[in-house]
Every structure is written in C-alpha cells, then in structure tokens.
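Nothing here was measured: the structure is a model prediction, and the numbers come from that model.
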Amino acid sequence: MSGKKAVDKVSKGLTSLIDEFSSAVKEMVNAGEETVVHLAVGSSRVIKAAVDATGEVTKITVETASNVVGSVTGGVVKAVSSKARQENQEDDEE
C-alpha cells in the first residue's frame, strides 16, 4: 500500500475517526461531566486527557498502555469492593 491514493485513503479514515472521537467527547462534556479520555496510539502508548464540564482540557499525559490498564483495573476493583461492602452492610442491617 503506497502512493497518493493510499495516503489519501488513510487520511480520510483518520479524519473520520477523529471526528467521531470529538463528537463523543462533546456529548460527555455537554452532559456536564468531567471526563478522562484515553486514546491508544500504536500498541504501547496511550494519550490521556482530562476534560472538565466547561470543555477545558486540564491535563494531558502520554503513558504506557500497561499503566493505563493497571489504573483502570484498580478503579474497577475499588468501585466493586465499595459497592459489595455497602450491600453487605445493608444486608446486615435487615
């Protein structure tokens, strides 16, 4: 895959992907939520940005994919653990 046509095809595909990504972020911001956005680049890098409810990008970092997976996994474990703890307390009260 080489030549002007191939480059134009890739460029159009990336432009479409970026448009969809931007639209999704705008929807979340319009809902008034602070949003953390992860965009994978290649197989080992992730761009991480925090977007507040006003649409201001407050923090941008580039991390390894394994760090992001670890932090997301840690957040899920915390959420599930606290929910389970809360449900156990409710069961004990009944």
Side-chain angles (χ1 to χ4, degrees):
M1 187 179 218
S2 63
K4 185 176 180 351
K5 287 184 180 182
V7 171
D8 287 344
K9 187 175 181 179
V10 170
S11 179
K12 286 179 185 178
L14 287 173
T15 300
S16 176
L17 181 63
I18 290 167
D19 289 345
E20 287 183 39
F21 181 78
S22 298
S23 176
V25 171
K26 285 178 186 175
E27 285 178 23
M28 289 184 277
V29 170
N30 284 339
E33 301 172 5
E34 183 173 40
T35 306
V36 177
V37 179
H38 296 94
L39 178 61
V41 180
S43 61
S44 63
R45 296 279 183 242
V46 173
I47 298 172
K48 182 177 178 179
V51 183
D52 66 16
T54 66
E56 184 79 21
V57 177
T58 57
K59 183 179 180 183
I60 298 177
T61 60
V62 177
E63 300 181 19
T64 63
S66 61
N67 286 348
V68 173
V69 170
S71 67
V72 169
T73 303
V76 170
V77 168
K78 286 181 185 177
V80 169
S81 296
S82 65
K83 176 116 175 126
R85 219 174 306 129
Q86 183 181 21
E87 288 176 358
N88 284 341
Q89 288 175 350
E90 290 173 359
D91 289 344
D92 289 344
E93 289 175 1
E94 292 176 358

State which residues pass side-chain contact (heavy atoms from CB on, under 4.5 Å) with Ala49; sequence neighbours excluded, sorted by chain then number.
-> Val57, Ile60
For residues 10-22, run the donor-acceptor check on the side chains, cut-off 3.5 Å, and write out each pair with its distance to 0.1 Å, sequence neighbours left out.
unit_1	atom_1	unit_2	atom_2	d
Thr15	OG1	Ser11	O	2.8
Ser22	OG	Ile18	O	3.0

Could you pull out all residues at least two apart from Thr58 that satisfy side-chain hydrogen bond (donor to acceptor under 3.5 Å, both in side chains)?
-> none
With Lys48, the side-chain contact (heavy atoms from CB on, under 4.5 Å) member among Val62, Val36, Val37 = Val36
